Amino acid sequence: MERTILYYKHYFIDFFNSLSEGAKRKMAYVIEVLKTQQRIGTNFVKHIRDGIFELRVQHEGNIYRAFFIFDEGNIVMLFNGFQKKTQKTPENEIEKAINLKNEYYAEKQQ
């Protein structure tokens, strides 16, 4: 089993490019786990709400998150990412991911 990893517009790529080299390697590793493993532990992936999931990466004391959805079973569509600075995932980042998901599906139906 292998999932296809896609990126919606530039949001995730911009975030990924802003990371340190070590954080990029760790994020790439977690994406590879998401791509190849049927079951993924909650230390790497967590359901947030409305079909939005959070990819979770820790590197050198920093916490990074990227939102994604599963589309058509094995396609993973990555949206926005951010560095987490508090215990709670910021509501504005969740809202941004939900808006991007809605935009993605609206464009897909055209």
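In what follows, residues are counted from 1 in the order of the sequence shown. Nothing here was measured: the structure is a model prediction, and the numbers come from that model.
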K.L.:
Whether the side chain of R56 engages the backbone of K46 through a donor-acceptor N/O pair (distance < 3.5 Å, no angle test) should be reported.
P.N.:
no
K.L.:
Test I52 against I69 for side-chain contact (heavy atoms from CB on, under 4.5 Å), laying out the working first.
P.N.:
CA-CA 5 Å; I52 300 282; I69 60 171; 3.8 Å; yes
K.L.:
Where do S20 and H59 come nearest, in terms of heavy atoms and distance?
P.N.:
OG-CD2, 4.2 Å
K.L.:
Would you name the heavy atoms of K24 and L19 that are closest together and state the gap between them?
P.N.:
CE-O, 3.3 Å
K.L.:
Test your reading of the model: is there a side-chain donor-acceptor pair from R65 to the backbone of N80, 3.5 Å cut-off?
P.N.:
no
K.L.:
Is there side-chain contact between Y104 and D71, with heavy atoms separated by less than 4.5 Å?
P.N.:
yes
K.L.:
Any non-hydrogen side-chain atom of V45 less than 4.5 Å from a side-chain atom of L55?
P.N.:
yes
K.L.:
Could you measure the distance from the CD1 atom of I63 to the OG1 atom of T86? Nearest 0.5 Å is fine.
P.N.:
9.0 Å
K.L.:
L78 versus Y11: any side-chain heavy-atom pair under 4.5 Å?
P.N.:
no
K.L.:
List the atom of Q83, the atom of F15, and the distance in Å for their closest heavy-atom pair.
P.N.:
N-CE1, 4.1 Å
K.L.:
Indicate, with yes or no, if I48 and V76 share a hydrophobic cluster defined by side-chain heavy-atom contacts under 4.5 Å among Ile, Leu, Val, Met, Phe, Trp and Tyr.
P.N.:
no
K.L.:
Going by an N to O cut-off under 4.0 Å, is there a salt bridge joining K96 and E93?
P.N.:
no
K.L.:
Should E54 and K84 count as an ion pair when the cut-off is N to O under 4.0 Å?
P.N.:
no
K.L.:
Angle class for the Y7/F12 ring planes (parallel below 30°, perpendicular above 60°, tilted otherwise)?
P.N.:
parallel
K.L.:
Out of curiosity, does M27 fall in the hydrophobic cluster containing I40 (side-chain heavy atoms, cut-off under 4.5 Å, transitive links)?
P.N.:
yes
K.L.:
Any idea which heavy atoms bring Q37 and R3 closest together, and the distance?
P.N.:
O-NH1, 2.7 Å
K.L.:
I'd like to know if E91 and R49 make a salt bridge, using a cut-off of under 4.0 Å between side-chain N and carboxylate O.
P.N.:
yes
K.L.:
Rounded at 0.5 Å granularity, tell me how far CZ in F16 sits from CD1 in I31.
P.N.:
6.5 Å
K.L.:
After noting the C-alpha distance and the side-chain angles of F67 and I94, does the key distance pass the side-chain contact (heavy atoms from CB on, under 4.5 Å) rule?
P.N.:
CA-CA 8 Å; F67 291 114; I94 296 170; 3.9 Å; yes
K.L.:
Could you measure the distance from the CD atom of E103 to the CD1 atom of I98? Nearest 0.5 Å is fine.
P.N.:
14.0 Å
K.L.:
Before we go on, tell me: are the rings of Y8 and F79 under 6.0 Å apart, centre to centre?
P.N.:
yes
K.L.:
M77 versus K108: any side-chain heavy-atom pair under 4.5 Å?
P.N.:
no
K.L.:
Contact between L34 and V30 at the side-chain level, heavy atoms closer than 4.5 Å - yes or no?
P.N.:
no
K.L.:
Using the ring-ring contact (aromatic ring centres under 6.0 Å, His included) criterion, which residues pair with F68? Sequence neighbours excluded.
P.N.:
F53, F70
